Structure formats: structure tokens, C-alpha cells
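This report refers to the structure that appears directly beneath it.
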Amino acid sequence: MKTICFFNSVENWGGGEKWHFDTSLYMHKKGHQVLVIAHEKSELLNRLKDTGVPTIGLKVGNLSFLNQAKIDKIKNILIEHQVGCIIINLSRDLKLAGLAAKKAGTEKIIYRRGSAIPIKDSVLNRYYFKNVVTHILANSEATKKTVLQNNSSLFPKEKIKIIHNGIDVKKFISNKATPLYTKTSEDEIVITSLGRLEYEKNHQFLILLSKELKNRNLKHTILIGGDGSLKNSLINKAIENGIKDNIKFLGFIKNPKDLLESGDIFILPSMWEGFGYVLVEASLCKKPIIAFNTTSIPEIIQNNKSGFIVEPNNVITTADKVEVLKKNKNLRNSMGEAGYEYASKNFDNIIIFNKIEDYLISKVINNKITALLITYNEIEHIDAVLENIDFADEIIVVDSFSTDGTVERIKAHSGVKFIQREFKNYTDQKAYAMEQASNDWILFLDADERLTPELRKEVIETVNTNDEEISAYYFYRTFMFKKEELRYSGWQSDKNYRLFKKSKVNFTKDRIVHETLVVKGKSDVLKHRLIHYSYKNYEDYKSKMVKYGQMKAIEELPKNYSPNAYHFIVRPSYKFINHYILRLGILDGKKGLIICYLNALGVYSRYKELKRLKSIDKK
């Protein structure tokens with residue numbers, strides 16, 4: 001196993017240094033060979049001192065990249081420690097450690113970008129991004145866009161990976177909070193905001209907002225946490241605008257939860273954010289949020305669901321939203337709950353670290369993968385599944401004209417090739433989707449399926465170490481009944497082809513549902529299981545079974561028989577007995593009974609529909 005190196009020359013402590021600390025420590029604890037190279041007097045090195053993470057301290061400055069001896073020294077360190085992957089945070093470090101890693105033959109040279117500020121289209125940058133950097137890791141969609149904003153050909157877009165910042169959700173929730181403010185009356189609305197008192201954080205907007213709220217006779221208090229060079233200026237502006245009693249500057253807040261739990265609404269007036277970490281914290285405190293439609297904000301807030309996204313510096317619109325939330329406590333509560341659910345599901349450290357680990361230890365992929373989806377009204381699943389397959393070199397979604405917001409969510413994911421096409425049947429739609437793939441290796445998932453981190457790694461390794469004789473791989477599936485695993489009921493041996501070579505397979509044309517893949521060559525089964533979130537609720541799963549049954553009836557129509565008592569009674573009964581008794585559905589309790597009944601209903605629906613179609617044929 002080659003070493004993963006984290007290079008950071010910053011002396012002080014900040015967001016980038018926290019990321020290097022947390023990630024290197026996590027990778028070390030997982031048993032990976034890790035090395036942190038940092039400034040000899042840095043806070044990062046100091047904090048890593050007693051963790052067991054191997055470190056090396058160097059004296060590094062802004063012009064160190066001009067020092068050939070320094071470059072050679074770092075090159076020799078990387079060779080000595082057998083570094084196969086290096087992660088660099090700063091532009092100045094890229095010029096130094098990036099060049100050293102290039103000379104050392106390091107396989108993956110990753111530039112981690114944590115700020116949504118465009119990269120300059122300079123001669124030096126063009127050299128480094130075309131000749132040194134092999135991968136870019138961005139912390140948001142907005143950050144990714146700014147990489148190529150000034151030069152669309154600066155770096156291959158497909159090699160820019162997005163992994164959001166994470167938070168230890170369990171620790172944050174369990175952390176106790178001491179509110180910093182008590183309302184003077186029930187009619188008062190308390191707004192909180194947290195951030196350095198600097199230009200880009202735009203706190204002067206809150207002064208104008210307070211003035212507008214006061215003009216509307218809305219009783220309010222704005223609590224601002226944070227310190228910075230603009231503190232005195234902001235205090236003077238509050239006095240000048242006659243709202244000094246409505247705004248309280250609380251200074252540096254050691255525990256953000258103390259501030260967040262003190263208010264009813266959280267407002268972030270920043271003009272840009274690499275990743276709005278505090279928005280995640282506010283969501284975990286179940287606070288509705290108002291923030292500007294800029295940079296990474298829309299990736300964290302679900303507009304009109306967990307908060308409101310407004311146009312930058314629009315005082316009137318923002319005041320309108322505050323007024324709506326002030327008058328509607330139920331809306332505040334529902335938005336808070338939605339934000340909590342979204343944040344805990346998407347930004348938990350456990351999820352984020354799994355993605356980072358997978359990204360850092362994966363080999364440079366030589367065999368490219370195209371991930372395919374066909375969709376219709378998959379708003380419940382589409383974001384999660386697209387994030388789940390974002391390691392693929394190409395993602396194609398063929399949608400059957402969804403009407404529930406699925407289309408808008410797909411378009412919000414950059415790099416996804418989106419096609420709309422009328423749905424005839426599953427085989428026809430999947431065959432069409434496969435024709436659109438640019439790569440030979442195909443990963444074909446349903447929207448309600450998810451790869452575990454272990455399965456993602458296995459897919460990548462399989463594609464790059466594939467036995468030439470094997471053309472396709474089955475995935476075993478774990479069926480989820482709501483949020484619980486269904487262990488029996490016929491699903492324990494469920495498996496489907498999900499990974500295969502386009503050049504070696506085709507779909508049979510006589511099947512229109514539960515399509516069949518014809519494989520030219522050998523097949524194999526991957527070790528790790530796919531998660532299948534098929535059962536949302538009773539009515540949803542029932543409608544699926546009835547729909548599948550009706551489509552199976554169309555397949556059966558050309559056959560020369562008419563449904564009778566055997567088909568309506570014996571076949572559904574056998575289906576139920578087989579799954580519930582013989583295949584141990586009884587051990588799944590109530591959920592096993594429900595699934596086995598609905599599967600049997602699917603069989604009954606097939607013959608009911610077939611009988612109807614046969615009667616139409618006779619006419």
C-alpha cells in the first residue's frame with residue numbers, strides 16, 4: 001500500500017488545516033499509510049503531535065518554489081516514504097510540492113480547492129494544471145465552476161471531483177448549548193448570523209435589513225457572532241441607522257450552537273462561500289435559513305423547503321421572508337425539520353469520509369465507466385443516486401418526461417448528460433440508454449439502488465483488473481423495507497446484472513419488464529451487495545407490483561392460452577407460499593407478510609390484465 005501525503009505550509013489554523021487534520025487522522029485510524037508534511041511552526045503540526053499520525057516539519061515560505069534544493073528535498077521525502085497520492089491545499093504549495101511530486105513520480109497529485117474564487121488564467125497556472133496536477137478536489141459545485149471560469153480548457157472537467165465538507169453530526173447534536181439571549185416578549189423574532197466581520201461576509205446588509213424590519217414595526221433582534229476588522233465600522237453604522245438596540249455584536253463564539261439555539265431564524269448574508277459550513281450547523285439546530293442565491297448556498301439549502309434563497313442584497317425580499325416566518329411558527333418548524341433531515345443525510349462525516357477514502361485510495365482509472373439511469377418521477381431518489389455514482393467518468397440519465405421536479409434536480413448536477421425520451425418499455429429504454437454510452441464498461445442502476453462504499457471500491461478494482469473472459473457481473477441486492485433490511489421473503493438470493501461490457505451484451509427484445517441481458521462470455525458475481533430501496537410505503541409498492549404485472553401481461557399476450565382459475569388462484573397462491581413459507585418470509589414478520597402478499601398480487605394482476613387484453617383481441 002502506497003502512502004497518502006497531506007502537504008500544508010500554513011502556520012495558522014483555518015478551514016483547510018482542519019480538513020487536513022480531520023482527514024489525515026481518519027485515514028490513519030482506518031489503517032492507511034499516511035504522512036503529513038507541514039510548516040515546522042504550524043498549528044496543524046502541533047495538533048497532530050499526539051495523534052500518532054506521522055509528520056514532517058519543514059520551513060516553507062512563499063518563494064520556496066524557486067529554491068531547487070527545497071524541491072529536491074521534498075522529492076526525496078516523497079520517494080523515501082513511497083508516496084502514491086499527495087493532497088495540496090494552496091496555490092503556493094502546488095508550485096512547490098506539486099513540482100516535487102511530479103519529479104518523484106507520484107501517481108496522483110490532487111489540488112484541493114476550498115474557495116469559490118476563479119483561478120487566474122496565467123502562464124504559470126496553465127503549466128501547473130496541464131503538466132503537474134492530475135486531479136482536483138472541490139468542496140462544492142460552485143467551487144468546481146470557478147476552476148474553469150477564466151479558462152474552460154485549463155483542466156479536464158471530468159477530473160474535478162466534488163466532495164462536500166462534512167460535520168460530525170452525532171457529536172454536534174449531543175453537544176450542549178447555552179443560549180446567549182432571552183426574548184423580551186413572545187412577539188419578538190430573533191435572527192442569528194455567524195461569520196468573520198469582513199467584507200465578503202457582508203454584515204452591513206443585516207443593518208439595512210434591521211432598519212427595514214423596524215420600519216415595518218416588526219419587533220426583532222439580530223444576534224451577530226464573530227469578530228473582525230469591520231467590527232467598529234458596523235457598530236457605528238448600526239447607531240447611524242437608529243437600530244443599535246436591535247443588533248447585538250457578540251464577538252467570537254467558541255460554541256456556534258450557543259448562538260444558533262438563541263434564535264428563530266438564521267440568516268447568512270455572505271456574497272460568496274466556498275462551502276457554507278455554518279448553514280449545515282444551523283440546519284442541524286433545526287433553524288429555517290435565509291441566504292443569498294450565490295456560490296455553494298443552493299447546494300446546502302432546499303429553497304422553499306428548508307429555507308429561502310433570495311437574490312443578493314435584496315432587503316425588501318429578505319424582509320418579506322422574515323415576516324412570513326415570524327407569522328408562521330409551523331412553517332419555521334417544518335423548514336427546520338427538513339433542513340435537519342437534509343443536512344444529517346448529506347453532510348455527516350461518516351458519509352463524507354467514506355467518499356474521501358474511496359477517492360484517495362482508488363487507483364488512477366484506466367478503464368472508464370459510464371453510469372446509466374432511466375428515470376420517471378424519481379424526486380425521492382435522484383440526488384442520492386447521482387451522488388452515489390459520481391465516481392463514474394460519464395453519467396447519462398434518460399428520463400421519460402418526469403413531472404415531479406426530477407428534471408430540475410438532474411439539471412442541477414453538472415456533468416450529467418440528460419436525455420428525455422418517451423417510455424415504451426423497460427427493455428427498449430435501457431437498450432437506448434446503453435447505445436448513448438461512450439465507454440465500454442457500463443454501470444446500470446435503478447434510481448432506488450445504492451452502491452455501498454465497499455461495492456464502489458470493488459467496482460473500480462474490478463474494471464481495472466478484469467479477467468478478459470468475464471463480460472458481465474451480477475450484484476446481489478439487499479432489499480430495504482423502508483429503513484429496515486428484509487432478510488428473507490425470497491430476496492435473500494436476489495441478484496441482477498449491473499456491471500458489464502457494452503460490446504459483449506445486449507437486451508432481449510421479447511422482454512419488456514424485468515429485462516434480460518444476453519451475455520457473450522462468462523459472468524461473475526461481485527462480493528459486496530447493492531442496497532435496494534424499493535419499498536417506500538404500502539401503496540407505492542402495490543402500484544409497482546400491479547404495474548409490473550400489467551406489463552408482464554403484454555409479454556404473455558402472444559402466447560396461445562387464456563387465463564383461468566389456475567392462473568388466478570393457483571399461481572398467486574404458489575407465489576405467496578413459496579416466498580412466505582419456503583423462502584422464509586415468515587421470519588421477516590409483518591413486513592415479510594406484506595411483501596409476499598404484494599408480490600402475489602403482482603402475479604394476479606398479470607393474469608387479470610392478460611384476460612382483459614385477450615377479450616379486446618377477440619373483438
Side-chain angles (χ1 to χ4, degrees), residues 3-29 32-104 106 109-115 117 124 128 132-133 137 139 165-166 168 195-198 200 226-229 231 251-256 274-275 277 353 356 360:
T3 300
I4 300 167
C5 177
F6 297 82
F7 192 99
N8 189 311
S9 69
V10 176
E11 289 188 61
N12 299 322
W13 184 258
E17 292 63 57
K18 183 180 186 304
W19 187 92
H20 275 243
F21 176 87
D22 290 341
T23 308
S24 62
L25 183 58
Y26 171 83
M27 296 296 286
H28 174 70
K29 287 180 177 179
H32 299 291
Q33 292 181 19
V34 171
L35 173 67
V36 176
I37 302 176
H39 194 286
E40 59 187 7
K41 296 181 179 178
S42 68
E43 181 64 20
L44 173 60
L45 215 62
N46 183 52
R47 296 195 186 198
L48 285 170
K49 187 168 52 180
D50 299 320
T51 63
V53 175
T55 61
I56 293 176
L58 291 177
K59 188 174 181 180
V60 182
N62 286 334
L63 299 178
S64 291
F65 73 97
L66 297 176
N67 187 334
Q68 188 60 48
K70 186 79 71 177
I71 293 172
D72 288 340
K73 182 177 181 178
I74 295 171
K75 178 194 78 172
N76 292 333
I77 291 172
L78 300 180
I79 293 172
E80 180 187 349
H81 288 266
Q82 297 183 328
V83 170
C85 171
I86 186 168
I87 306 96
I88 299 164
N89 245 44
L90 298 178
S91 175
R92 75 182 188 198
D93 289 347
L94 177 60
K95 295 168 187 173
L96 172 64
L99 194 58
K102 176 79 172 177
K103 290 177 177 289
T106 303
I109 303 173
I110 301 171
Y111 178 47
R112 181 180 178 270
R113 188 78 177 164
S115 176
I117 299 173
L124 200 58
Y128 276 93
V132 176
V133 178
L137 178 60
N139 66 346
N165 290 356
D168 189 333
R196 291 175 293 107
L197 303 184
E198 303 294 345
E200 70 273 13
D227 213 337
S229 62
K231 182 174 182 178
F252 176 75
I253 305 295
K254 187 174 181 180
N255 180 13
F275 180 82
Y277 201 91
F353 278 138
I356 293 172
L360 294 181

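Not measured: the values here are computed from a predicted model.
- Atom-to-atom distance recorded for L35:CG and I4:CD1 is 11.0 Å, nearest 0.5 angstrom.
- Relative ring orientation between Y26 and F353 is described as parallel, the plane-to-plane angle staying below 30° on a 0-90° scale split at 30° and 60°.
- Nearest heavy-atom pair across A97 and I86 is CB-CD1, 4.2 Å.
- Between the CG atom in L124 and the OG atom in S91 there is a gap of 7.5 Å [rounded to 0.5 Å].
- Residues satisfying the side chain to side chain contact (heavy atoms under 4.5 Å, CB included) test with N67, not counting sequence neighbours, are A69, K70.
- In this structure, the separation between CE on M27 and OG1 on T3 is 11.0 Å, given to the nearest 0.5 Å.
- Between T106 and C85, the closest heavy-atom pair is CG2-N, 3.8 Å.
- For the atom pair H81 NE2 and Q33 CD, the distance stands at 10.5 Å (nearest 0.5 Å).
- E198 and S229 get closest at one heavy-atom pair: OE1-OG, 2.6 Å.
- A donor-acceptor distance shorter than 3.5 angstrom exists from the side chain of S24 to the backbone of F21, with no hydrogens or angles considered.
- Judged by distance alone, the side chain of D93 and the main-chain N or O of I88 form no donor-acceptor pair under 3.5 Å.
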*Determine, stepwise, if the pair Y128 / L99 fulfils side-chain contact (heavy atoms from CB on, under 4.5 Å).*
CA-CA 8 Å; Y128 276 93; L99 194 58; 4.0 Å; yes
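- When all heavy atoms of G251 and K231 are compared, the pair lying nearest together is CA-NZ, 4.5 Å.
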*Would you check, one step at a time, whether the test side-chain contact (heavy atoms from CB on, under 4.5 Å) holds for I74 with F7?*
CA-CA 10 Å; I74 295 171; F7 192 99; 3.9 Å; yes
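- Residues G226 and I253 come closest through the heavy atom pair N-CG1, 4.4 Å.
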*For the pair R92 and L96, evaluate side-chain contact (heavy atoms from CB on, under 4.5 Å) and give the outcome as yes or no after the intermediate values.*
CA-CA 7 Å; R92 75 182 188 198; L96 172 64; over 6 Å; no
*Applying side-chain contact (heavy atoms from CB on, under 4.5 Å), run through I37 and L78 and close with a yes or a no.*
CA-CA 10 Å; I37 302 176; L78 300 180; 4.2 Å; yes
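- Across every non-hydrogen atom of N89 and Y111, the tightest pair is O-CE1, 3.6 Å.
- Taking Y277 as the reference, nothing meets the ring-ring contact (aromatic ring centres under 6.0 Å, His included) condition, with sequence neighbours excluded.
- Atom-to-atom distance recorded for K41:NZ and K59:NZ is 6.5 Å, nearest 0.5 angstrom.
- Rounded to the nearest 0.5 angstrom, L58 CG and I56 CD1 are separated by 7.0 Å.
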Which pairs of donor and acceptor atoms, one on a side chain in residues 10-18, lie under 3.5 Å apart (sequence neighbours left out)?
{"unit_1": "E17", "atom_1": "OE1", "unit_2": "G14", "atom_2": "N", "d": "3.0"}
{"unit_1": "E17", "atom_1": "OE2", "unit_2": "N8", "atom_2": "ND2", "d": "3.0"}
{"unit_1": "K18", "atom_1": "NZ", "unit_2": "D22", "atom_2": "OD2", "d": "2.7"}

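- Between the R47 side chain and the T51 main chain, no donor and acceptor come within less than 3.5 Å of each other.
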